[in-house]
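By convention here, the first residue in the shown sequence is residue 1.
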Amino acid sequence: MSSMLRSSVLGTLLVILLGLGSVRVDAQGSTSARITPNFKEADITQVIEAVAVSTGRSIIVDPRVRAQVTMLSSTPMTPDAFYEAFLALLQVHGFVAVPSGKVIKIIPDANSRTMPGNDLPDRVSDTSDELVTQVVAVNNVSAAQLVAILRPLMPQNAHLAAYSASNTLIIADRANNVNRMARIIKRIDQASDADVEVVTMQNATAVEVVRTMTALNPAQAQTDGGMAPLRTVADERSNSILLAGDKTQRLRARTLIAYLDTPLVSGGDTRVRYLRYADAEKIAAKLKEQLSGTAGATVAASGAATSVGGGTTIWAEPETNALVITAPAKTMNSLMSVIDRLDIRRAQVIVEAIIAEVSADKSAELGVNWLVDGSNTDRAVGGFIEPIGGTSIFDLVRAARDPAIVTAAPRGTTVGVGRFADTGINFAAVLRALRGDSTTNIIATPYIVTMDNQAAEIKVAQEVPFVTGQFTNQGGNTGNTLNPFQTIQRQEVGTILKITPQINEGDAVMLKIEQESSSIAASSSGAVDLITNKRTISTNVLIEDGGTVVLGGLIQDSQTGGEQRVPFLGRIPVIGEAFRARSAKKTKTNLMVFIQPRILRDGTDATVETNQKYNYMRDQQRSLGPQRDVLPLLPGEPRAILPKIPTAPDKEQPPAAPVKEIPK
């Protein structure tokens, strides 16, 4: 009967709450009923009525309890769970349920501290929102000190007070927050083991270490009987540090002191640093500039130590390429860090230039010279005289009369007729034809290896003498002796390559190039001395590692022609050929200069490149093969050939057998 009555009451309540909210009840007996609350903007008194009916508790509502609330649930819950959710709803809206015997009072949260609740329970729930009052005893720290620490963690209407006589805390708040405060207090209330320890310094100075630790952990004043902060005192007489404080603090301090009391690598304030790649004198000057702040600091040529301020001295020892530095620990560490970044293996660059020149010269000359001499017969004298191939008919006549003056044979094809007699008419006629063809094909590949940002130069040239002046002195006692004198200047003629590479952050190389290729001209006709052909390039280029780029070049095609003739007669067809001389010349030049850099970042790259060039020269010597002379001029002498590239000896293996030379 009681179950049927309870179901009837719940059904009646369900009808009353229609429109404002709803509670669905699955009636399966008083102990197993399930409630699914669903209130949307309902008056809080309606929810209180539903809680009272579902839990069977008597509830008194304060007139000040007014609010529109929302409680939604998608799953059924037991009456006890429904009541816990109701308590959470009251907390959200600033109300509290205070039990008073068998009656529950719903009052505003601000009045909860004056009302009795669940006082001093044996166990405080960590999930309930009921009002709980608890007394917590503090054993190791000051309770008054904890009030200032814990108060920001509690709501405004909660109560937290300290009783100094018994060193206890009184907390009044909701159960879950009281449980949280109790766990925090337990974590803080740890036993203290204050004592004094003496730590003797072995390498560092006690005063310096205490100053460092004080700057790291500034002391805080002790208040209200709380735990004293760690205190550190330096004893200069014994070079020791006195530690006073909690055991944990002293343990941390001893760890820090052990780290600071570390000996230097070489001991003391002076260190000798041997450099592997950098120049000690240059690095010393740069370090002085950094410390003194002046760009004009330089290293003394004698290598004497020079102070740069702050008790720091730096000097270089060129014999061992070492730096001797005396400085405090902080400055020493800074200088060592700079040296570590400067004393590194610099990358190298092998630069190969390709100079290719192809040229062709073609020339032709054709002309007729004639001369008529009628002086022996009182006749007229006339002729057409024009040099062809460097000579004229006068030169041939003089050579015929006096062969001793001939120093060189005439060039070209010469056909001549004439008469030379003491009586009658003398005449001479010469037909000369000359054709010249010359070609040039030059390929030069100079290459050079240099370090990054280091200028390098290679010369493959001859020093050719050039006459710059001449004069004749009259000497001797009689003044009749002539002393001819000439001044000569030697000039380099060949291939010259000057280069300064700069490796960028990636794989590109910036090159500052000065390239010169010069040679002596094959012909110096009309010049007082030798003629040199010079080709120079001065430029800056950016090339990828292993790439090839053209630096510059010349493509030239020139053609010249000339004609000398007798006016009017030289233009007569066929007959005019006897009254003129013609010449023509055509020159074609193709010149290109290429450059190819390759970065050698380590010893392996340099070894590979060296082996390649070394083996190339060795193969060229081998390709000549042994001589097969029937009667060798130097019997038994082997042909000179490069040996195999020597390698570092292996201590675990015997050295390789010597290389046998190839006999002739």
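At a threshold of 4.5 Å between non-hydrogen side-chain atoms, the residues Thr495 and Gln515 count as touching. Between Leu591 and Arg535, some side-chain heavy-atom pair lies under the 4.5 Å cut-off. At least one side-chain heavy atom of Asp340 sits under 4.5 Å from a side-chain heavy atom of Arg273. A heavy-atom distance below 4.5 Å is found between the side chains of Arg346 and Gln454. Residues Gln564 and Arg582 have side chains not in contact (no heavy-atom distance under 4.5 Å, counting atoms from C-beta outward). Looking at heavy atoms from C-beta onward, Glu492 lies in side-chain contact with Lys459 at the 4.5 angstrom threshold. Residues Leu335 and Leu287 are in side-chain contact: their nearest non-hydrogen atoms beyond the backbone lie under 4.5 Å apart. Residues Val338 and Gln290 meet the side-chain proximity criterion, which asks for heavy atoms closer than 4.5 Å.
Salt bridge status for Asp507 with Arg601: present, with a side-chain N to carboxylate O gap under 4.0 Å.
Between Pro501 and Met451, the closest heavy-atom pair is CG-O, 3.7 Å. The two residues Ala353 and Ile595 come nearest to each other via the heavy atoms CB-CD1, 3.7 Å. When all heavy atoms of Pro465 and Arg490 are compared, the closest pair comes out as CD-NH1, 3.9 Å. Gly547 and Pro597 make their closest contact through O-CD, 3.4 Å (heavy atoms, listed as atom of the first residue, atom of the second, distance). Residue Ile314 comes nearest to Lys288 through the heavy atom pair O-CE, 3.0 Å, listed as atom of the first residue, atom of the second, then distance.
With hydrogens and angles left out, the side-chain atoms of Thr548 and Gln596 include a donor and acceptor closer than 3.5 Å. Side chains of Ser359 and Thr589: a donor-acceptor N/O pair is absent below 3.5 angstrom, by distance only.
The backbone N or O of Ala278 lies less than 3.5 Å from a partner atom in the side chain of Asn321, making a donor-acceptor pair. Although no hydrogens or angles enter the test, the distance criterion places a donor-acceptor pair under 3.5 Å between the side chain of Ser518 and the main chain of Gly494. For Asp343 (side chain) and Tyr277 (main-chain N/O), a donor-acceptor pair under 3.5 Å exists by modelled atom type. With hydrogens and angles disregarded, a donor-acceptor distance shorter than 3.5 Å links the side chain of Asp545 to the backbone of Ile599. Side-chain N or O atoms of Asn615 include one that pairs as donor or acceptor with a backbone N or O of Asn611 at under 3.5 Å. Side-chain N or O atoms of Glu317 include one that pairs as donor or acceptor with a backbone N or O of Glu319 at under 3.5 Å.
The CG atom of Asp602 sits 8.5 Å away from atom OG1 of Thr607, with the distance rounded to the nearest 0.5 Å. Atom OG1 of residue Thr445 and atom CD1 of residue Ile355 lie 9.0 Å apart, to the nearest 0.5 angstrom. Within the model, atoms CZ of Arg341 and CE of Met336 stand 12.5 Å from one another, a figure rounded to the nearest 0.5 Å. The CD1 atom of Ile350 sits 9.5 Å away from atom CD of Gln348, with the distance rounded to the nearest 0.5 Å. Rounding to the nearest 0.5 Å gives a distance of 12.5 Å between CD of Gln462 and CD of Gln491. Between the CD atom of Glu357 and the OG atom of Ser517 there is a distance of 7.0 Å, given to the nearest 0.5 Å.
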Apply side chain to side chain contact (heavy atoms under 4.5 Å, CB included) to Lys534 and Glu516, showing your working. CA-CA 7 Å; Lys534 180 179 289 187; Glu516 176 181 329; 3.7 Å; yes

Would you sort out whether Leu497 and Ile448 count as a side chain to side chain contact (heavy atoms under 4.5 Å, CB included), showing the intermediate values? CA-CA 8 Å; Leu497 175 62; Ile448 189 172; 4.1 Å; yes

Take Leu511 and Asn540 through the side chain to side chain contact (heavy atoms under 4.5 Å, CB included) test and state the conclusion after the steps. CA-CA 6 Å; Leu511 299 175; Asn540 295 336; over 6 Å; no

Side chain to side chain contact (heavy atoms under 4.5 Å, CB included) between Ile339 and Leu275, worked out: CA-CA 9 Å; Ile339 294 173; Leu275 302 184; 3.7 Å; yes

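By the 6.0 Å contact criterion, CD on Glu563 is enclosed, its count of non-hydrogen atoms from other residues, nucleotides or ligands being greater than 12. Within 6.0 Å of CD on Glu457 lie more than 12 heavy atoms contributed by other residues, nucleotides or ligands. The number of heavy atoms from other shown groups lying within 6.0 Å of OH (Tyr614) is above 12. Atom NZ of Lys613 is surrounded by more than 12 heavy atoms from other residues, nucleotides or ligands within 6.0 Å.
Of the listed residues (Leu600, Val449, Thr604), just one forms a side-chain contact (heavy atoms from CB on, under 4.5 Å) with Glu609, and that residue is Leu600.
For Asp557, the side chain to side chain contact (heavy atoms under 4.5 Å, CB included) partners are Lys586, Lys588, not counting sequence neighbours.
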